[in-house]
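Everything numeric here is computed off the predicted structure, so don't read it as measured data. Note on naming: letters A, B, ... go to the chains in the order of the sequence lines (proteins, then strands), and numbering restarts at 1 for each one.
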Protein chains: 2
Amino acid sequence: MAATRDDVARLAGVSSSTVSYAISGRRTISTETRLRVERAMAELNYTPNAFARGLAGSRGGILALHYPYGRRGVTSSEFEYVAAATDRARARGYHLLLWSNPIDDVEGLGSLVSEGLVDGVILMELTAHDARVPVLTAARIPFTNIGRPDDARSLWFIDADYEAMGRLAIDHLADLGHERVFFLSQTIGAAERGSGPLVRATRSLAAPAADRGVQIETHRADISVSGGRAAFDAFDARPSRPTAVLAFNETALAGFVQAAALAGRSIPHDVTVVALSIGDLAADMTSPPLTTVSPPGVEIAAAAVDHLADRLEGRREEAPHLLVAPALVVRGSSARVGHR
Amino acid sequence: MAATRDDVARLAGVSSSTVSYAISGRRTISTETRLRVERAMAELNYTPNAFARGLAGSRGGILALHYPYGRRGVTSSEFEYVAAATDRARARGYHLLLWSNPIDDVEGLGSLVSEGLVDGVILMELTAHDARVPVLTAARIPFTNIGRPDDARSLWFIDADYEAMGRLAIDHLADLGHERVFFLSQTIGAAERGSGPLVRATRSLAAPAADRGVQIETHRADISVSGGRAAFDAFDARPSRPTAVLAFNETALAGFVQAAALAGRSIPHDVTVVALSIGDLAADMTSPPLTTVSPPGVEIAAAAVDHLADRLEGRREEAPHLLVAPALVVRGSSARVGHR
DNA sequence: CTGAAAGCGCTTACAG
DNA sequence: CTGAAAGCGCTTACAG
């Protein structure tokens with residue numbers, strides 16, 4: 001059915017290795033020969049067989065994007081991540097495979113790698129001591145990370161700039177006159193213990209808060225809508241309430257906002273809400289829409305693919321540590337203290 | 001580095017073809033031989049090479065999930081789709097590749113297929129006259145569809161049961177006493193013209209509405225938050241307003257809900273809202289959370305993988321047309337007419 | 001600038 | 001029940 005390289009060679013009147021070199025460009029070829037080969041390929045509608053290429057060559061042109069499954073909080077922006085990575089991979093001439101394991105099943109990852117199917121891996125949602133890192137290192141397969149483990153010195157990674165995120169959020173709140181902030185944080189499960197993002201987001205608030213004289217009161221909510229409702233109850237029960245909420249828990253925030261509305265507390269008149277790491281779509285779903293400080297997920301995913309492709313193609317040597325700046329988008333949920 | 005089939009054969013003291021047959025089970029093997037082979041494989045930590053398998057055999061164990069990109073409305077539940085498909089594929093012993101093209105770039109799809117990498121394809125988000133269908137048919141590659149084109153007689157597909165969806169929604173509204181319903185529909189772009197879901201969702205309302213004496217007033221909103229705000233203005237400006245909104249436009253609904261809140265219209269006291277085809281996560285983001293009638297996206301994705309795998313493995317003959325029943329989840333946005 | 005040939009690691013008839 | 005061997009369609013040294 002499908003044409004092979006030999007068919008093309010025959011039609012073009014050259015050897016099959018010449019066809020290969022014409023395609024890969026790995027050795028000089030006369031313009032005339034190249035044209036004959038190209039015409040033959042077009043006529044036969046020829047596409048090289050991916051398996052044969054992968055088996056014979058050192059590279060197969062397939063990347064894997066790995067996310068840990070069974071996580072509780074699936075944020076709504078994740079599909080954009082995946083789509084952006086897919087599109088960028090294709091633009092660079094790669095296929096993108098989706099891989100997923102429970103975060104503690106690293107053997108599964110190991111055997112996937114040893115099938116030899118993929119040239120490199122992109123790891124999503126790194127935890128502080130991510131068990132996937134040593135597995136991929138031992139397998140000697142190139143990989144890059146979205147997020148970062150605690151010890152990332154020799155690793156390639158792209159991460160949100162949490163320090164900038166914390167400062168942006170605190171500055172926005174301080175500029176609006178807020179002096180006490182209720183930090184709607186997350187409970188940490190066994191798997192996420194010491195999860196990088198939460199730890200770094202939390203830490204990033206301390207210095208700017210001190211600088212701006214803002215007092216932070218942390219509440220760890222369950223990653224669930226009901227966890228958010230309970231958080232509101234805790235918030236609302238305080239004799240003297242903070243004037244602003246800073247959330248790093250998308251799912252709980254939904255419950256918090258609902259409970260606030262039910263209790264007759266108006267956002268932003270009675271309480272200002274700023275959300276960390278929430279996509280535009282989700283931010284626009286609530287009324288009022290949420291003021292957010294978020295890293296640009298789509299850019300991060302595309303940049304991760306570029307990192308890995310550059311590395312595989314030998315265009316980069318040293319391991320880059322790329323921090324992506326977040327953006328503050330002021331929507332309707334934040335206002336000046338005492339605003340009416 | 002990695003062990004090959006020959007290494008295993010040598011260690012087990014058998015021929016390499018025996019190792020292959022021990023793995024595939026395609027011919028009878030004495031228990032003792034099988035055990036020796038298994039021990040050798042375990043000791044060498046052997047994993048078959050995926051490229052060699054794909055090249056030599058007829059099946060490579062890779063499926064592709066294809067979504068059209070550049071669509072405007074990315075719903076928040078799509079990642080769950082993809083994750084569910086990935087997990088099910090892995091459970092059945094397949095890798096899942098993500099493919100994406102602009103909906104009108106069918107040549108791109110054609111050349112992806114002709115690389116021979118994948119055993120079969122799952123098409124997402126079918127339109128009424130989807131150009132991908134003839135391409136895959138001509139390529140003689142097995143595929144199954146999530147959604148369906150107009151002419152789906154000979155195709156394998158899984159779709160939401162729109163008739164059931166419409167009836168469930170209208171019955172719920174009628175049971176609550178609503179007699180006039182504002183249908184928050186979508187504008188249709190060139191690409192989605194005659195898009196299956198919108199047409200079928202719209203049609204599905206007519207019969208039950210007639211049965212229950214419900215009057216439907218359709219408004220086509222842009223798929224955007226501002227489109228939803230404009231829709232609310234149109235809704236609110238009517239001298240005599242419908243008492244309920246039925247939405248098939250997730251993004252616009254967000255704007256509608258915001259505008260309603262701004263205008264001081266309370267949901268569900270002043271207006272009942274029921275949303276079609278919205279995921280649980282998004283439904284819980286608003287306050288109040290939304291009553292929804294939605295198909296179970298995760299089940300559909302997993303079922304599509306099963307269909308395709310069954311077909312590839314010769315377990316099914318005739319093309320199944322599977323309609324998945326939607327579920328009504330009553331949350332806080334719907335109430336009896338005149339409810340206080 | 002181009003060709004003939006070995007080899008990648010499997011699967012699967014063909015023999016026995 | 002098992003083995004020896006051809007072949008899948010490429011890439012890439014090796015020659016010229």
| query | Where each residue is assigned the nucleotide of DNA chain D containing its nearest heavy atom, which of B/Leu55 and B/Thr28 is assigned the position nearer the 5′ end? | reply | B/Thr28
For [N], does either OP1 or OP2 sit under 4.0 Å from a side-chain N or O belonging to [X]?
X       : N      : value
A/Ser30 : C/dT2  : yes
A/Tyr46 : D/dC10 : yes
A/Thr33 : C/dT2  : yes

Expected rows: protein N/O vs nucleotides 12-16 of chain D N/O, under 3.5 Å:
{"unit_1": "D/dT12", "atom_1": "OP2", "unit_2": "A/Arg26", "atom_2": "NE", "d": "3.1"}
{"unit_1": "D/dA13", "atom_1": "N7", "unit_2": "A/Tyr21", "atom_2": "OH", "d": "3.3"}
{"unit_1": "D/dA13", "atom_1": "N6", "unit_2": "A/Tyr21", "atom_2": "OH", "d": "3.1"}

[X] has an atom [atom1]; how far is it from atom [atom2] of [N], in whole Å?
X       : N     : atom1 : atom2 : answer
B/Ile29 : D/dG3 : CD1   : C1'   : 12 Å
B/Arg59 : D/dC8 : CZ    : C1'   : 16 Å
A/Arg10 : C/dG3 : CZ    : C1'   : 16 Å
A/Asp7  : D/dC8 : CG    : P     : 11 Å
A/Phe51 : D/dG9 : CZ    : P     : 12 Å
B/Met41 : C/dG9 : CE    : C1'   : 15 Å
A/Asn49 : D/dC8 : CG    : P     : 11 Å
B/Leu35 : D/dC1 : CG    : C1'   : 15 Å

| A/Thr33 versus A/Ser30, side-chain donor and acceptor atoms under 3.5 Å | yes
| Regarding B/Ser20 and B/Ser17, is there a side-chain donor-to-acceptor distance under 3.5 Å anywhere? | no
| Can A/Leu123 and A/Leu136 be said to form a side-chain contact (heavy atoms from CB on, under 4.5 Å), step by step? | CA-CA 10 Å; A/Leu123 253 29; A/Leu136 295 188; 3.7 Å; yes
| request: For residues A/Ile29 and A/Tyr21, report the shortest heavy-atom separation together with the two atoms involved. | output: CD1-C, 3.7 Å
| Contact summary for B/Ser58 and B/Asp119, nearest pair of heavy atoms | O-OD1, 4.4 Å
| said: Can you give me the dot-bracket string for DNA chain D, 5' to 3', counting Watson-Crick and G-U wobble pairs with both distances under 3.5 Å, using [ ] for crossing pairs and | for partners on another strand? | reply: |||.||||||||.|||
| said: By the definition side chain to side chain contact (heavy atoms under 4.5 Å, CB included), identify the one residue from A/Val118, A/Ile122, A/Val133 that meets it with A/Phe143. | reply: A/Val133
| How many angstroms lie between CZ in A/Arg132 and CD in A/Glu125, if you round to the nearest 0.5 Å? | 7.5 Å
| task | Given salt bridge (charged side-chain N to carboxylate O under 4.0 Å, His left out), test B/Arg92 with B/Asp310 step by step and report yes or no. | result | CA-CA 10 Å; B/Arg92 301 270 314 228; B/Asp310 284 349; 2.9 Å; yes
| So B/His95 and A/Trp99, would you call those rings parallel, tilted or perpendicular, with 30° and 60° as cut-offs? | tilted
